[in-house]
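Contents: one structure, followed by commentary.
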Amino acid sequence: MNLLFANDTPGAYPPSWYAETAQPLPESPPLRENLRADICIVGAGYTGLSAALHLAQAGFDVAVVEAQRVGFGASGRNGGQVGTGQRQGQDWLERHAPADARALWDIAEAAKATVQELITTHGIDASYRPGIAYAERSAAGVAKAHSAAAHLAREYGYDQIEPLDRAAMRGLIGSDMFVGGVIDRGAGHLHPLQFALGLARAAQKAGVRFYENSPVTRVENAHVLTEQGSVRCDHVILACNGYLGGLNAPVAARVMPINNFIIATEPLGARAKTVLTQDIAAADDRFVVNYWRLSGDNRLLFGGGESYGYRFPNDIAAVVRKPMLQIYPQLKDVTITHAWGGTLAITMNRMPHFSRNGTIYNASGYSGHGVAMATQAGKMIANAIAGDATQFDTMARLPNPRFPGGPALRAPLLALAMTWYSLRDRIGF
């Protein structure tokens, strides 16, 4: 079973609120010929789109081959949060990559700046708004969050995070579940599909050739093949994330697809202020994170829950409604109008996997922290091909162990581990 088609209609976006409100691009033709290009990019999500745009602006001839539609995967379905830092906290990086900790912080800050620069430069209507609140359920979690904020201010000069006590958090996000946390005014949120489509428009204007509905069957050095055509090139960029399949075994051993789910409520009207009193996003401290924000028409967009098989659950709305009502019981009578799932990719240590093997570049496994980092990854790969691999090599030095058990056992073993983490979440460890 192929994840590209296991849960979705070929050539169509999922029935999400994002797809319903986006400004679609005209469909690009499938690849039905044998082409030559300087660069062939496999996958038209944030990584591939950013790489294509930056490479075309640098004068390269670029072809993008996409199995479905531009922004079809996680890039067009996610929670839209543009977070600060790397997926692991700065304290983790200082322990596990001490020589690169400062450079990794700088890369993460550059990633946020790149997103905003692209939006501004190319006039992308992505509805970017600043602010993400991180809510903690325990006093220990609050103390850790406040300490981390103080550390970033002291050691890295980052003063955008404000500590919040119980009353301040309750006043901000309208829930009694949490005892405090922080709000990061330097982070933000956006319409993820609109951002992806805006990047594609900019890349097309720069001369990038797009081929949609063209699943890649194999990659042989600098030769990318589909069922009906091929691209010979100087460099290949694998920008597949959770949809890599069998295209590259060494990457697949370290990057595992998982599914995550989001619902959208009916417009809440004045009730929206009982959920979020400011136009910010929010996330909690669970291992399987709940995350939420309001849409432009005052719907609650709420994400949560994971699965590790190929198929999405039959009733996504029921899966996600449960954690939503735990946080917001006042919404028990609200209608769910949209429910969708998406496939992302994780690594063992939740840090992205960057690698280069001859002419083939890869960046994937953003582990739920990909809006900014995947966009920056594309820029880093473009810079590496153009001659400056400094940032790419910093990311590639991060340790990325293989999943135990190989492809056959990694999903069952992860599901077993996640059962334990779910139990910890329920009993408050």
Side-chain angles (χ1 to χ4, degrees), residues 16-18 45-47 50 71 73-89 108-116 118-119 124 126-136 145 148-149 158 160-162 164 169 172-173 178 181-196 198-199 241 258 260-264 275-276 278-296 299-306 320 323-324 327 340-342 344-346 350-352 365-377:
S16 68
W17 180 82
Y18 298 138
Y46 297 143
T47 302
S50 176
S75 294
R77 312 185 190 201
N78 64 80
Q81 297 197 7
V82 183
T84 293
Q86 299 281 351
R87 175 60 176 83
Q88 291 282 10
E109 282 294 279
K112 292 188 301 181
T114 294
V115 169
Q116 296 190 55
L118 289 168
I119 289 172
I124 299 174
S127 302
Y128 181 87
R129 301 288 187 273
I132 302 178
Y134 297 96
E136 300 286 340
Y158 188 74
Q160 299 297 301
I161 302 178
E162 175 188 349
L164 302 175
M169 183 62 74
L172 189 62
I173 67 171
F178 306 104
V182 298
I183 181 166
D184 183 356
R185 301 289 183 183
H189 58 99
L190 48 67
H191 189 306
L193 182 55
Q194 279 286 85
F195 181 53
L199 291 176
N241 207 36
I258 65 169
N260 197 254
F261 311 102
I262 304 179
I263 58 176
V275 173
L276 289 169
Q278 298 179 20
D279 190 4
I280 61 166
D284 69 11
D285 60 346
R286 291 184 178 273
F287 190 83
V288 179
V289 177
N290 296 309
Y291 50 94
W292 61 96
R293 63 195 185 94
L294 293 171
S295 67
R299 300 169 190 267
L300 179 62
L301 307 178
F302 190 98
E306 290 181 352
V320 187
M324 181 189 78
I327 296 173
W340 66 95
L344 62 148
I346 63 171
R350 299 303 190 267
M351 289 298 292
Y366 303 107
S367 304
H369 196 72
V371 178
M373 188 50 60
T375 305
Q376 186 70 9

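- A distance of 9.0 Å separates CD1 in I183 from CD1 in I132, rounded to the nearest 0.5 Å.
- Between I161 and Y134, the closest side-chain pair of non-hydrogen atoms is not below 4.5 Å.
- Here the closest heavy-atom approach between residue I173 and residue A282 is recorded as CG2-CB, 4.4 Å.
- Considering every non-hydrogen atom in both A372 and A111, the closest pair reads O-CB, 3.5 Å.
- Counting only distance, with no hydrogens or angles, the side chain of N260 and the backbone of G341 share no donor-acceptor pair below 3.5 Å.
- W292 has its ring centre no less than 6.0 Å from the ring centre of H189.
- Remark: side-chain polar atoms of H369 are not paired, donor with acceptor, to backbone N or O of R350 under 3.5 angstrom.
- The distance from the CD1 atom of I327 to the CZ atom of R286 is 7.5 Å, given to the nearest 0.5 Å.
- By the salt bridge (charged side-chain N to carboxylate O under 4.0 Å, His left out) test, R77 is found to be paired with D8, residues two or more places apart in sequence or in another chain being considered.
- For the side-chain contact (heavy atoms from CB on, under 4.5 Å) test, residues two or more places apart in sequence or in another chain that qualify with A145 are E136, V182.
- Considering CD1 of I263 and CE of M324, their distance stands at 4.5 Å, rounded to 0.5 Å.
- Taking 4.5 Å as the limit, some side-chain heavy atom of V115 sits within range of a side-chain heavy atom of F195.
- Minimum interatomic distance between L193 and G71 (heavy atoms only, all atoms of both residues): CD1-O, 3.7 Å.
- Closest non-hydrogen pair, A377 versus Y366, comes out as CB-OH, 3.3 Å.
- Looking at V371 and Q81, their side chains never come closer than 4.5 Å, going by heavy atoms from C-beta outward.
- Atom CE in M351 sits 4.0 Å away from atom CD in Q86 (nearest 0.5 Å).
- The only option from F302, Y18, F261 that meets the ring-ring contact (aromatic ring centres under 6.0 Å, His included) definition with W340 turns out to be Y18.
- Within the 3.5 Å criterion, the main-chain N or O of G73 finds no donor-acceptor partner in the side chain of S75.
- A heavy-atom distance below 4.5 Å is found between the side chains of L199 and I124.
- Residues meeting the side-chain contact (heavy atoms from CB on, under 4.5 Å) test with Q116, sequence neighbours left out: Y128.
- Between R293 and L276, the shortest heavy-atom distance links the atoms CA-CD1, 3.7 Å.
- Between N78 and Y46 there is a side-chain heavy-atom pair separated by less than 4.5 Å.
- Separation of atoms CZ (R87) and CD1 (I346) is listed at 9.0 Å; rounding is to 0.5 Å.
- Between L164 atom CG and L172 atom CG the span is 6.5 Å, to the nearest 0.5 Å.
- Of all heavy-atom pairs spanning I262 and V320, the tightest one is N-CG2, 4.3 Å.
- Counting only heavy atoms from C-beta outward, the side chains of D284 and V289 approach each other to under 4.5 Å.
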